[in-house]
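First listed ligand is number 1; within each ligand, the first listed atom is number 1. All residue numbers refer to positions in the sequence shown, counting from 1.
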Amino acid sequence: MPRTVHIIGAGLAGLSAAVRLAAAGHHVVVHEATGFAGGRCRSYHDAAVGMTIDNGNHLLLSGNHAALEFLRTIGSAHRLIGPPAAEFPFLDLKSGARWILRLNEGRLPLWIFNSGRRVPGTQALNYLAMAPLLWPKPNETVGETIACKGPLYSGLVEPLLLAALNIDPPQGSAKLAGAVIRETLAAGGRACRPLIARDGLAPTMIEPAVEFLGKSGATVRLEHQLRAMRFDGGRVAALDFGDDSVALGEGDAVILAVPPYAAASLLPGLTVPTEFRAIVNAHFRIEPPPAQPPILGVLNSTTQWIFAFPGRLSVTVSAGDALLDTPREQLARSIWAEVAEAAALPAELAAALPPWQIVRERRATFAATPAQDQRRPDARTARRNLLLAGDWTNTGLPATIEGAIRSGNRAAALLSQMQP
Ligand SMILES: Cc1cc2nc3c(=O)[nH]c(=O)nc-3n(C[C@H](O)[C@H](O)[C@H](O)COP(=O)(O)OP(=O)(O)OC[C@H]3O[C@@H](n4cnc5c(N)ncnc54)[C@H](O)[C@@H]3O)c2cc1C
C-alpha cells in the first residue's frame, strides 16, 4: 500500500479517487490550483442574479452507477431529485407541440409500441434505425452510422446525443454515442430517470466529498498549483509547487487529475485531446411557474433544455461554440424570449427581462469526435508511480460526471494494486 498518494486536481475525477483511497486507509493529499474544489462542476455566488448558482446545469441519470455510488459514500445521494419514472417533457417551439417521452422501467422497450409514450410522428419500426449505433464501426461518426434526419432523430437522438456528447451529433464518435445509448435507452427506464442537484452542485457533490476527506484524515490544499514534476528514472521523484516542493518517498504515488492541456504541459510527450466544445448556460432569476417541469427539452430553438430551480430558470445550450461571440445581453434577451414562451409566462412577465447571467464555458468538454477520442490515454503512464484521471482519459464514455468519477475510481483501483 503506498505511503502517501498525492492527487493533483480537485475536480470530480480527483475527488472520487481521493474518496476511494482515503476510505481504503491511504494517506491522501489533494492539491488544487484554484481557491475552490469542484473544477468544472461548481457553484458560486453570482452578483448579477443575486444568488448562488452552478457554473452549468448538470444532469445525471439513474443509470450513472459510479456517480450514485460516489454520492452514497459521501452521504449526499438524497440531495439528487427527479421524477419517480423516466419521463422527459418536450416542447417544439416552432410548432408549439408538447409531449412527454415516457420510457418503461425494463430493458424491453415497450414504450416504442405506445404512441402516447414515444416521439410524436414516429412508428415502432423507426427505432430499429438506431441499432447500428449499438455496434458501431471503429472511428466512424454518428453521421456515417445512422441517418441524422426525421422525427426520431430530431425528437430524441439529437437532443440525447447533443447533451451527452456535447457536439453536433453527426460529427460525434459513433463509439461514444453507442456507449451512451447502451447505458441509457437500451438499459430501460430504470437507468434513465433524470436527476438534478436541486440545491446546487457544490452542496451535493463537492462540499460533502471535501468533508468526507477531512474526516478520513486526508488533506485538501487549495491554491496549490503543481508547476512541474521531477522524474528519477521510471518514477516521479518530486512535485514542484513553485513556493514549495514535495519529495516523494519510495512508496508514494501521484494521480494527475487535471484537464488535458494541463496534463500535457506537466507530462511532455503525453497524447491528449486537443479540441474542445463549449457549453453556454443562461440563468434567469424568476420563480418557475407551478406547472414548469424540473427539466424541459426544447426543440427548434437556441435553448435546448430548461431547468427549473427554486427562484430560477436556467437554460443549457450544448456545443454552444457559435454563441461565444454573441454580445451577452443580446443572447440573454433572445434566450429569455424562448424561455418565456416555453414557460407560458403572462405577457407582462415575459416583457421584462429578469436579472440574468450568461456563463460560457469555452472548453467545457473535449470534442467527442472519433479522432479526439483516439487521443485519450489510459490511466497508466510510463512512470510506475504516476496515474492519470479525468473525464478526457480513456473511459469509453464522453466527458461526463459519470466518466470523470469512473476515471478516478479506476486510478484508485490501479494504485491499490501497486507494490510500494
Ligand atoms: C457547463 C457544463 C455543463 C456540464 N453538464 C454536464 C451534465 O449535465 N452532465 C454531466 O454528466 N457532465 C456535465 N458536464 C461535464 C462535467 O462537468 C465534467 O465531465 C466533470 O466535471 C470533469 O471533472 P474532472 O475532474 O475530469 O475535470 P475538472 O473538473 O476540469 O477538474 C480538474 C481540476 O484540476 C485543477 N488543476 C488544473 N491544473 C492544475 C495544477 N497544475 N495543479 C493543481 N490543480 C490543477 C483544476 O483547477 C480543476 O479543479 C458539464 C460541464 C460543463 C463545463
Name the closest protein heavy atom to [atom], giving the residue it belongs to and the distance to 0.1 Å.
{"atom": "atom 15 (C) of ligand 1", "answer": "A399 O, 3.9 Å"}
{"atom": "atom 39 (C) of ligand 1", "answer": "V258 CG1, 3.5 Å"}
{"atom": "atom 42 (N) of ligand 1", "answer": "L226 N, 3.0 Å"}
{"atom": "atom 31 (O) of ligand 1", "answer": "G11 CA, 3.4 Å"}
{"atom": "atom 47 (O) of ligand 1", "answer": "E32 OE2, 2.6 Å"}
{"atom": "atom 34 (O) of ligand 1", "answer": "G9 CA, 3.4 Å"}
{"atom": "atom 9 (N) of ligand 1", "answer": "L59 O, 3.0 Å"}
{"atom": "atom 44 (N) of ligand 1", "answer": "A33 N, 3.1 Å"}

Could an N or O of ligand 1 be found under 3.5 Å from any N or O of [X], whether backbone or side chain?
{"X": "R40", "value": "yes"}
{"X": "G56", "value": "no"}
{"X": "L60", "value": "no"}
{"X": "P259", "value": "no"}
{"X": "N55", "value": "no"}
{"X": "H58", "value": "yes"}
{"X": "D391", "value": "yes"}
{"X": "A404", "value": "no"}
{"X": "F36", "value": "no"}
{"X": "I401", "value": "yes"}

Electrostatic pair [X]:[Y] at N-O distance under 4.0 angstrom:
{"X": "D373", "Y": "K175", "result": "yes"}
{"X": "E183", "Y": "R190", "result": "no"}
{"X": "R384", "Y": "E250", "result": "yes"}

R118 side, atom CZ; L101 side, atom CG - distance, nearest 0.5 Å: 11.5 Å
- prompt: Can you tell me how far the OG1 atom of T316 sits from the NE2 atom of H283, to the nearest 0.5 Å?
  reply: 8.0 Å
Is it the case that [X] and [Y] place a side-chain donor and acceptor less than 3.5 Å from each other?
{"X": "Q372", "Y": "R277", "result": "no"}
{"X": "D378", "Y": "N394", "result": "no"}
{"X": "D252", "Y": "N385", "result": "no"}
{"X": "Q171", "Y": "T369", "result": "no"}

What atoms in ligand 1 come closer than 4.0 Å to a heavy atom of [X]?
{"X": "I8", "value": "42 (N), 43 (C)"}
{"X": "H31", "value": "43 (C), 44 (N)"}
{"X": "C41", "value": "21 (O)"}
{"X": "Q225", "value": "40 (C), 41 (N), 42 (N)"}
{"X": "A364", "value": "53 (C)"}
{"X": "L12", "value": "23 (O), 25 (O)"}
{"X": "T34", "value": "47 (O)"}
{"X": "G390", "value": "26 (O)"}

task: Give me the ring orientation class for F276 and Y261: parallel if the planes are under 30° apart, tilted from 30 to 60°, perpendicular past 60°.
output: perpendicular
- prompt: Where do H45 and T52 come nearest, in terms of heavy atoms and distance?
  reply: ND1-OG1, 3.7 Å
message: Quick check: closest heavy atoms across L68 and L61, and the distance to 0.1 Å?
response: CD1-O, 4.4 Å
message: Less than 4.0 Å is my threshold; does some heavy atom of A37 fall inside it relative to ligand 1?
response: no
Over 12 foreign heavy atoms within 6.0 Å of [atom1], [X]:
{"X": "R20", "atom1": "CZ", "value": "no"}
{"X": "D244", "atom1": "CG", "value": "yes"}
{"X": "R107", "atom1": "CZ", "value": "no"}

Examine the proximity of ligand 1 to [X] and report which part, side chain or backbone, both or neither, has a heavy atom under 4.0 Å away.
{"X": "N57", "value": "backbone"}
{"X": "A257", "value": "backbone"}
{"X": "A262", "value": "side chain"}
{"X": "R227", "value": "neither"}
{"X": "I279", "value": "side chain"}

For residues 192-215, which side-chain N or O atoms pair as donor and acceptor with protein atoms under 3.5 Å away, sequence neighbours left out?
{"residue": "R193", "atom": "NH1", "partner": "P83", "partner atom": "O", "Å": "2.7"}
{"residue": "T204", "atom": "OG1", "partner": "G200", "partner atom": "O", "Å": "2.7"}

Residue from F307, F309, W336 passing ring pair (Phe, Tyr, Trp, His ring centres under 6.0 Å) with F284: W336
query: Is the NZ or CZ atom of R376 both under 6.0 Å from the centre of the six-membered ring of F366 and within 45° of that ring's axis?
result: no
